[in-house]
Amino acid sequence: MYLMYRDLAVLFPSVKGIKDNELEFHTVASSSSALQPKGIYIPFGEAGNLKEAIEKGAIAALWHENAETPAYTPNHFPIFYTNDLTKGLKDIMKLYIEKLSKSEEKMNTTNFLISGEKSLKENEATYDIAVMAERLAEAAGNAKPERRG
């Protein structure tokens, strides 16, 4: 069972581009350099090289609502807007875990390609989405609140 456009449209009602409720996302990637066939790209922890993500297979993106989308973004390319990318990623993971737990179909699943700055050789890695969600929640809890003056 894949993550679908309609799933994300519920979480992120502010969207630009084509509206196709049957569009499937086979990957969720936080790095523009990762191969992400039929992917949704989330520029989590990087400046956001949307062009490279599209070249690597991204067919949609989750974008910060205050960040400017690049001028080269195709008009039909779905961009979901959020005010917090970390919370958005956490919400996507939570929704997908719930969706998987309710489904009988386990054959086709969305791959989450979320990594930190350390290489996988130096870092204890996991591909378990529940563990990723827990680590993301811990990181968000440990982050210092942004100061605005």
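In this text, all values refer to a predicted model and were calculated from it rather than measured experimentally. Hydrogens, waters and symmetry mates play no part in the numbers below; they use all other heavy atoms, side chains included. Throughout, residue positions are numbered sequentially from 1 according to the sequence presented.
Atom CG of Leu113 is separated from atom OG of Ser31 by 9.0 Å, given to the nearest 0.5 angstrom. Expressed to the nearest 0.5 Å, how far CG of Leu85 lies from CD1 of Ile42 amounts to 7.5 Å. The distance from atom CE of Met93 to atom CD of Glu98, rounded to the nearest 0.5 Å, is 14.0 Å. Separating the CG atom in Leu11 from the OG1 atom in Thr82 is a distance of 9.0 Å, to the nearest 0.5 Å. Atoms CG and OG, on Asn83 and Ser14 in that order, are 10.0 Å from each other to the nearest 0.5 Å. For the atom pair OG1 of Thr69 and NE2 of His64, the computed distance is 13.5 Å after rounding to the nearest 0.5 Å.
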>> Let's go through Glu52 and Ser32 carefully: what are the C-alpha distance in whole Å and the side-chain angles of both, what is the deciding distance for side chain to side chain donor-acceptor pair (under 3.5 Å) to 0.1 Å, and is it a yes or a no?
In response: CA-CA 6 Å; Glu52 182 178 24; Ser32 59; 2.9 Å; yes
> Going through the checks in order, is the side-chain contact (heavy atoms from CB on, under 4.5 Å) test met by Leu89 and Val28?
Replying inline: CA-CA 9 Å; Leu89 177 57; Val28 175; 4.3 Å; yes
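When side chains are defined from C-beta on, Tyr72 does not count as touching Phe77, because their heavy atoms never get closer than 4.5 Å. Using a 4.5 Å heavy-atom cutoff, the side chains of Leu62 and Pro43 are not in contact. Between Leu23 and Pro78 there is a side-chain heavy-atom pair separated by less than 4.5 Å.
Centroid-to-centroid, the aromatic rings of Tyr96 and Phe112 come within less than 6.0 Å. For Tyr41 and Phe25, the ring centers are positioned 6.0 Å apart or more.
In terms of modelled atom types and a separation under 3.5 Å, the side chain of Gln36 and the main chain of Ala34 share a donor-acceptor contact. With hydrogens and angles ignored, the 3.5 Å screen pairs no side-chain donor or acceptor of Thr110 with any backbone N or O of His26. In this structure a side-chain-to-backbone donor-acceptor pair under 3.5 Å is missing from Tyr81 to Phe12. With hydrogens and angles disregarded, a donor-acceptor distance shorter than 3.5 Å links the side chain of Lys99 to the backbone of Tyr2.
The minimum heavy-atom distance linking Thr27 with Pro37 is given by the pair OG1-O, 3.2 Å.
Counted within 6.0 Å of CG on Asn21, heavy atoms from surrounding residues, nucleotides or ligands total more than 12; the atom is thus considered enclosed.
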